[in-house]
Amino acid sequence: SGMFLCRRFTLIELLVVIAIIAILGALLMGALGGARERSQRAACLSNLRQVANMHLLYADLNDGIFCIAWDPKGNQWDAAKNYKGPGILANGFPGSTSATREKVFDCPSAKAALFFNKRWSAQFAGFGYNYLLSFRKQTDYPPNYRVLRSGAIANPSHLTMLADAACFLSGTDGRPAPTAFLYPPSSGTGGYADFRHAGSCNAVYVDGHTAAVSPIVERNSTSGGYTDRLGYLSPDDRSYDPEYKF
C-alpha cells in the first residue's frame, strides 16, 4: 500500500490564497459593473434619441413650435398629471404605440438610482426637457408661453433639447429625484443635468445630434453626496437659452 503525504497550508499561505481570490472577485465585479453601465448608457442614449425625434416631429407638425413643457391642467410633456399615463408629447401622436411606450421615457440608470419611493411612475424617469423652449425663464408658467419656432433658433447645434436630469426632492433630503425639466444656470436651482453615466450626461440638441457631456461644469451646493453628480451643461445659459448671444 502506498503512503499519501498531506502537506498542510500555513496560515500565511491561506491568507495569500484568500487575498488572491478577493482581488480576482473584485476585478470580475468591476468588469461586470462596467459592462452593465455601458449597456444602460447605450439604452439611455437610444431612448433619448427616440424621444428627441418625437419632439422634432411634433414641431414639424405644429408650425415649428416645440411641445410645451406643461399645460394649465398640470399635464407635462412626458406624463399625465397623475404620472400614470402618457403626456402632452405622446398625445400629439394619437394611435402611435411607440409614442406611448413608457420604456421610451425611461433611463435604466435613473431608474436604479432615483426611484427610492413609489410616488414616481416609470414615465417620469429622469429625462429633462429644456424649460426655456417653452418659457423665457424658470419662474414662468402657463399661460405665459414663449412662442418659439425651431427655424428661429440661431445655434441649434448648441441648444440642448433633452438630457439626463434630476432634482432634489426637498431642501433637506440629500437624495436626487427624477425631474422632467432642465433649468438654466441663471435659475440657481435644478432641474439639474445628472451626470449619472460614470461622470457623463447624455444630451441631445435641437439639431438632433447627441453627445455625452463631461465633466460637470458647475456643481450645485446641496449636500448629501451628490454635489459631484448634479450640475449644469454650460457655465452660463448658452446651452439652454434659444436667444443666447454668442
Side-chain angles (χ1 to χ4, degrees), residues 29-52 54-55 69 76-79 83 87 101-131 138 159-185 187-205 209-235 239-240:
M29 290 301 294
L32 291 175
R36 181 171 59 252
E37 169 52 32
R38 286 192 294 273
S39 174
Q40 290 178 340
R41 185 185 306 181
C44 168
L45 196 57
S46 175
N47 289 349
L48 201 58
R49 283 195 185 101
Q50 292 182 68
V51 177
M54 280 191 280
H55 273 287
Q76 297 177 174
W77 69 270
D78 63 334
Y83 305 134
R101 276 194 311 120
E102 66 179 32
K103 286 295 182 184
V104 172
F105 296 89
D106 181 79
C107 170
S109 295
K111 194 168 186 178
L114 303 179
F115 284 87
F116 52 83
N117 62 48
K118 296 182 178 180
R119 288 192 293 158
W120 312 99
S121 77
Q123 283 190 308
F124 196 30
F127 287 157
Y129 181 47
N130 186 355
Y131 202 77
Q138 174 260 336
L159 185 64
T160 307
M161 180 195 301
L162 296 154
D164 293 321
C167 66
F168 286 97
L169 191 60
S170 71
T172 58
D173 194 325
R175 295 174 297 183
T179 179
F181 308 124
L182 284 174
Y183 295 152
S187 71
T189 186
Y192 301 103
D194 185 359
F195 297 78
R196 65 175 72 111
H197 296 291
S200 66
C201 170
N202 285 337
V204 61
Y205 296 83
H209 88 274
T210 59
V213 183
S214 179
I216 298 174
V217 176
E218 181 177 336
R219 297 176 176 85
N220 67 76
S221 59
T222 307
S223 62
Y226 293 97
T227 53
D228 288 338
R229 193 178 111 182
L230 304 187
Y232 299 108
L233 295 168
S234 58
S239 294
Y240 299 83

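Please read all numbers here as calculations on a predicted model, not as lab measurements.
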Within a strict 4.5 Å, meaning less than it, do heavy atoms of the [X] and [Y] side chains meet?
X	Y	answer
Leu45	His197	no
Asp78	Tyr129	no
Tyr192	Cys201	no
Thr210	Asn202	no
Phe181	Gln138	no
Asn130	Leu159	yes

So which heavy atom on [X] is nearest to which on [Y], and how close?
X	Y	value
Ala203	Val213	CB-CG2, 4.0 Å
Ser187	Tyr232	OG-OH, 4.2 Å
Phe127	Cys107	CE2-CB, 3.6 Å
Pro108	Cys44	CD-N, 4.2 Å

Is the backbone N or O of [Y] less than 3.5 Å from a side-chain atom of [X], with the two atoms forming a donor-acceptor pair by type?
X	Y	result
Arg196	Ser109	no
Asp194	Asp164	no
Ser214	Gly199	yes

Parallel under 30°, tilted from 30 to 60°, perpendicular over 60°: which one fits the rings of Tyr131 and Tyr183?
->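 The arrangement is perpendicular - the two ring planes meet at more than 60°.
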Relative to each other, are the rings of His55 and Trp77 parallel, tilted or perpendicular (30° and 60° limits)?
->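 It falls in the tilted class, 30° to 60°.
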State the CE-CZ distance between Met54 and Arg49, to the nearest 0.5 angstrom.
->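 Those atoms lie 14.5 Å apart.
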Looking at residues at least two apart in the chain, or sitting in another chain, which of them share a side chain to side chain contact (heavy atoms under 4.5 Å, CB included) with Thr160?
->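 Side chain to side chain contact (heavy atoms under 4.5 Å, CB included) list for Thr160, sorted by chain: Ala163, Leu182, Tyr205, Leu233, Ser239.
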